[in-house]
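Everything below concerns the one structure shown next.
Reminder, nothing fancy here: chain letters follow the sequence lines and each chain counts from 1. Please read all numbers here as calculations on a predicted model, not as lab measurements.
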Amino acid sequence: MSENCKKAYITTPIYYVNDVPHIGHAYTTIIADTLARYSRLIGLDTMFLTGTDEHGQKIEEAAKSRGRSPKEYADEISGKFKSLWDEFDISYDKFIRTTDEDHKLGVHKAFETMHAKGDIYKDNYEGFYCVSCETFFTKIQLVDDEFCPDCGKPTSIVKEESYFFKLSKYEERLLQWYTDDEKCILPKAKKNEVINFVKQGLHDLSITRTSFDWGVKLPEKMNDPKHVMYVWMDALMNYITALGYGKDDANMEYWNGTTVHLVGKDILRFHAIYWPAFLMSLDLPLPRHIGAHGWWTRDGEKMSKSKGNVVDPREVANAYGLENFRYFLLREVPFGQDGDFSQKALIDRINSDLGNDLGNLMNRIIGMSGKYSNLVIDSTNVMKYHEKEIKDAEAIIDTLEPFIFELQLNRFLEELWKVLTIANQSITAYEPWAKIKEGKEEEAMALVALVANLLAKVSVMLSSVMPKTCASISDALGFEITPENFNTIIKDKKLLETFTIKKLPALFPRIEHEELESPEPKVASKKEKKAEGIITIDQFFETKIKIATILEAEEVPKSDRLLKLKVDVGENEPRQVIAGIKEFYTAESLAGTQACLVANLKPAKIMGLLSEGMLLAAKDKEGLSLIRPESPKRSGTKVG
RNA sequence: GGCAAGGUAGCUCAGCUGGUUUAGAGCGCUGGUCUCAUAAGCCGGAGGUCGUGAGUUCAAGUCUCACUCUUGUCACCA
């Protein structure tokens, strides 16, 4: 990879300014930062982009509710992202904002290009709008062709003029790309989901809106001022507008290099389908990798504001060290999978991997060289006594690079750590303290120098993950981590010159106590829940079960299993319930009978029909039986 | 319900196209040991019916089928 690609382009998504930065943002950004740093280290001309996505109705409204202009509001949140990345020493080369004038120029050019090509056309976007949910739905989503699937209230038809992108046109080419380029989307499981989705057929994409104002206007020449670009058209283009697309193409060179887009798995579809289709329409090359990472949970539970268990990356970095945190995030979980954040896991990683294996090793050679050679370390005889160890380490290091670019940072670190094991093992194997006693000083010195050289290699390779830490290691070992020294130490496999090692304080002091506050109530409630699925009586009574009298029943056309029922649950109006019991009960046999109904279930739409409850039934191999009162009860009687 | 990926030591996971007689790694646990070091290192152990049940084969975590559970995804899940 490093051979034939002079340029590398690494991106994070632009983060939407409706939320402050959390661990998920930090994770994406840290992975990207690691890639970018590694790319620079191996001598690639690297562009690392991050930024913020600032348009859209949500932002418009959020700003309004705070009595501020959208731009003011976006400025504030965008600033929070930028300052966190600065605080985290993220090595971005450009921080783009979709409110940047240059960005708008680029979006205009893209729109015009796609329009000129015939890939954008004007039509009507027909939607069903639910005023209370402020959401558009398609006809298929509606309940009874009329009601909002979320709240059940009537919706109104809104016909809005919109420009569409001919996404459908690119279906075949996208599938071809997925097939041809094995690693275009990572990890593979996610790629399969994308392929599946595309195979089901793509609809053209509505890319403009007239219902709100806070967005990139259409190009002047379209002469259609009431339209603004809609979300993804605006946002995705940032990857090229950041390189000057539409204004000054100088940096577009990066687009022809190795491009890696990092995204969270929730927005993969947009990056793996819409974005390449846009690029095809623009006749631009497609990215090398689009990598979708998973989520972080906290102590096994989903993080949410309401639970109050959201991990604040700044808090963790302050408590445990930024680079330790980086190491943990990258080492703990295979790319693409969800990871669990817990203090125990974090502390274990720091103490075990970092403290025991790496930090302690550093101390060991400082101690030895101090006692045996007045801190002077001389590599002259390393190959004489330790060629095997050096070769073994080099063999490991030679396999590492693909792990980085294929985003398997956990594997990368895991493999790299084997070099530390070689170092620790060789100390025990050669017992330099014994050599000294036997007067074999040359051998003892060679051993110390072996370890110093292994540490040097590790520090270079690890530097993109833990830049500061590795800088201090390399500084102690008398060299600087630079692309030139990457060539000398890693590529050309040269040993260190004679140097005097500098004493360092412990790099990773052992952590004995938990230093981060955990969300208090969760521990107990988690135990309760985990106890064999036992629930409290209160939890049971959250389900309201009532006696329902079936007033009428009829078959649902074109359905094998469904019956439409009108049932009386003691309310003013009878309810409509769609029940999947047609295989076991005829419509006629049900009228006038009773059954138990879950009465506080969220209404749902089944085959376009509203269902306001669920009949309880037991089903085994013999068939299905409704759960009914032994003797008739008044409609609406509570069950419990 | 369709599709996809999975169910391997206490935990997290490796085990490609079936076959080096005792199924691996890391962490944790435990026994031993050195002393340069952050009670760190190193060596060893702990014995997991490889989800269940069949089948193919001389031979199956490794192939086939069924079942079951988990996760993801899509869907007219209630």
Side-chain angles (χ1 to χ4, degrees), chain A residues 140-143 149 187-201 265-266 268-269 292 294-295 300 331-334 336-340 342 344-345 347-373 410-411 413-415 417-418 420-437 444 447-448 451 503-512 556-563 565 577-581 597-598 601-617 619:
Chain A
I140 322 168
Q141 291 174 289
L142 292 187
V143 173
K188 208 175 163 194
K190 287 285 148 196
K191 181 181 172 183
N192 290 339
E193 283 175 16
V194 169
I195 292 174
N196 231 328
F197 186 85
V198 175
K199 278 187 177 163
Q200 288 176 10
K265 63 182 180 183
D266 56 324
L268 176 63
R269 185 178 299 168
W295 296 139
R331 174 63 184 81
E332 185 69 6
V333 38
Q337 293 195 14
D338 290 350
D340 185 51
S342 69
K344 183 181 183 321
I347 292 172
D348 283 353
R349 283 286 173 212
I350 296 173
N351 283 346
S352 174
D353 296 4
L354 296 177
N356 294 353
D357 296 342
L358 176 59
N360 185 45
L361 182 63
M362 191 69 198
N363 269 13
R364 296 180 83 177
I365 60 160
I366 291 174
M368 283 188 277
S369 61
K371 287 190 181 171
Y372 309 150
S373 62
N410 68 314
R411 295 279 292 116
L413 291 168
E414 197 179 337
E415 289 301 309
W417 244 245
K418 289 181 180 171
L420 297 176
T421 302
I422 292 177
N424 275 315
Q425 282 171 335
S426 57
I427 296 178
T428 310
Y430 292 94
E431 299 183 319
W433 47 90
K435 304 283 186 212
I436 290 290
K437 281 181 191 158
L447 186 278
V448 174
V451 174
K503 289 191 178 182
L504 278 182
L507 290 168
F508 311 101
R510 209 175 165 72
I511 300 169
E512 304 292 352
V556 174
K558 284 190 287 184
S559 166
D560 297 333
R561 297 196 291 272
L562 299 181
L563 288 180
L565 311 173
V577 173
I578 308 301
I581 56 174
L597 178 94
V598 177
L601 208 54
K602 179 178 156 188
K605 178 205 57 162
I606 301 156
M607 284 191 73
L609 301 167
L610 184 69
S611 182
E612 305 168 294
M614 174 174 74
L615 289 180
L616 295 184
K619 186 178 171 190

Q.
At under 4.0 Å between heavy atoms, how does the protein contact nucleotides 32-40 of chain B? Give one character per nucleotide, 5' to 3', with B, S or -.
A. --SSBBB-S

Q: Identify, between A:V577 and A:Q200, the residue whose nearest nucleotide on RNA chain B lies closer to the 5' end.
A: A:Q200

Q | Close side-chain approach of A:K191 and A:L268, heavy atoms under 4.5 Å | A | no

Q | CA sep, side-chain torsions, deciding dist, call: A:E332, A:D340, side-chain contact (heavy atoms from CB on, under 4.5 Å) | A | CA-CA 8 Å; A:E332 185 69 6; A:D340 185 51; over 6 Å; no

Q) Once you round it to whole Å, what is the distance between P of B:G26 and CG of A:N351? A) 18 Å

Q) Can you tell me how far C1' of B:A25 sits from CG of A:L413, to the nearest Å? A) 16 Å

Q: Return no unless some side-chain N or O of A:Q425 is found under 4.0 Å from OP1 or OP2 of B:C43.
A: yes

Q) Could you give the NZ-to-C1' distance, from A:K199 to B:U73, as a whole number of Å? A) 14 Å

Q: Measure from CD on A:E414 to P on B:G24 and round the result to the nearest Å.
A: 18 Å

**Q.** A:E332 CD - B:C11 P separation (whole Å)
**A.** 15 Å

Q. Is B:G48 in the syn or the anti form, by the rule that syn lies within 90° of 0?
A. anti

(Q) I need the CD1-P distance between A:I347 and B:C27, as an integer number of Å. (A) 17 Å

Q.
Can you check the distance between B:C29 and B:U12, where both ends of the measurement are the C1' atom (answer in whole Å)?
A. 16 Å

Q. Can you find a side chain N or O atom of A:Q337 that sits less than 4.0 Å from OP1 or OP2 on B:C13?
A. yes

Q) In whole angstroms, how far is the C1' atom of B:C74 from the CD1 atom of A:I195? A) 15 Å

(Q) Which heavy atom of A:N410 sits nearest to which heavy atom of A:V333, and what is that distance? (A) CB-O, 3.7 Å

Q. Using purine N1 to pyrimidine N3 plus N6-O4 or O6-N4 for Watson-Crick, or N1-O2 and O6-N3 for G-U wobble, both under 3.5 Å, which nucleotide pairs with B:A54?
A. B:U64

Q.
Roughly how many Å apart are B:U49 and B:C42, using the P atom of each and rounding to a whole number?
A. 30 Å

(Q) Using every non-hydrogen atom in the two residues, find where A:A444 and A:I436 come nearest and quote the distance to one decimal. (A) CB-CD1, 3.7 Å

Q) Considering only heavy atoms from C-beta outward, does the side chain of A:D338 approach that of A:K265 to under 4.5 Å? A) yes

Q: Could you tell me which nucleotide pairs with B:G72 by Watson-Crick or G-U wobble geometry, both distances under 3.5 Å, or answer none if nothing does?
A: B:C3

Q) Using atom C1' of each nucleotide, how far apart are B:G24 and B:A46 to the nearest Å? A) 15 Å

Q) When you compare B:A23 with B:A37, how far apart are their C1' atoms, in angstrom units rounded to a whole number? A) 36 Å

Q. Where do A:V451 and A:S426 come nearest, in terms of heavy atoms and distance?
A. CG2-OG, 4.4 Å

Q | Of A:L615 and A:D348, the one whose closest RNA chain B nucleotide lies more 5' | A | A:D348

Q: Look at all strands and tell whether A:R269 reaches a base, only sugar-phosphate, or nothing, counting heavy atoms closer than 4.0 Å.
A: sugar-phosphate

Q: Round to the nearest Å and state the distance from A:F197 atom CZ to B:A5 atom P.
A: 19 Å

**Q.** salt_bridge(A:E431, A:K435) N-O dist < 4.0 Å
**A.** no

(Q) Tell me which nucleotide, if any, is Watson-Crick or G-U wobble paired with B:C27 when both distances must be under 3.5 Å. (A) B:G10

(Q) Let me confirm one number: the CG-CG distance from A:L507 to A:L354, rounded to the nearest 0.5 Å. (A) 9.5 Å

Q: Give the minimum heavy-atom separation between A:I427 and A:L361, together with the two atoms involved.
A: CD1-CD1, 3.7 Å

Q) Distance between the P atoms of B:C43 and B:C16, in whole angstroms? A) 27 Å

Q | Atom C1', compared across B:G61 and B:G7: separation rounded to whole Å | A | 11 Å

Q.
I'd like the C1' distance from B:G44 over to B:C3, given in whole Å.
A. 48 Å

Q) Under 4.0 angstrom, heavy atoms only, what part of the nucleic acid is A:K190 near: base, sugar-phosphate, or nothing? A) sugar-phosphate

Q: Ignoring backbone atoms, establish whether A:R349 has a side-chain N or O less than 4.0 Å from OP1 or OP2 of B:G28.
A: no

Q | Nucleotide opposite B:C42 in a Watson-Crick or G-U pair, distances under 3.5 Å | A | B:G32

**Q.** Distance, C1' atom - from B:C34 to B:G28, rounded to whole angstrom
**A.** 23 Å

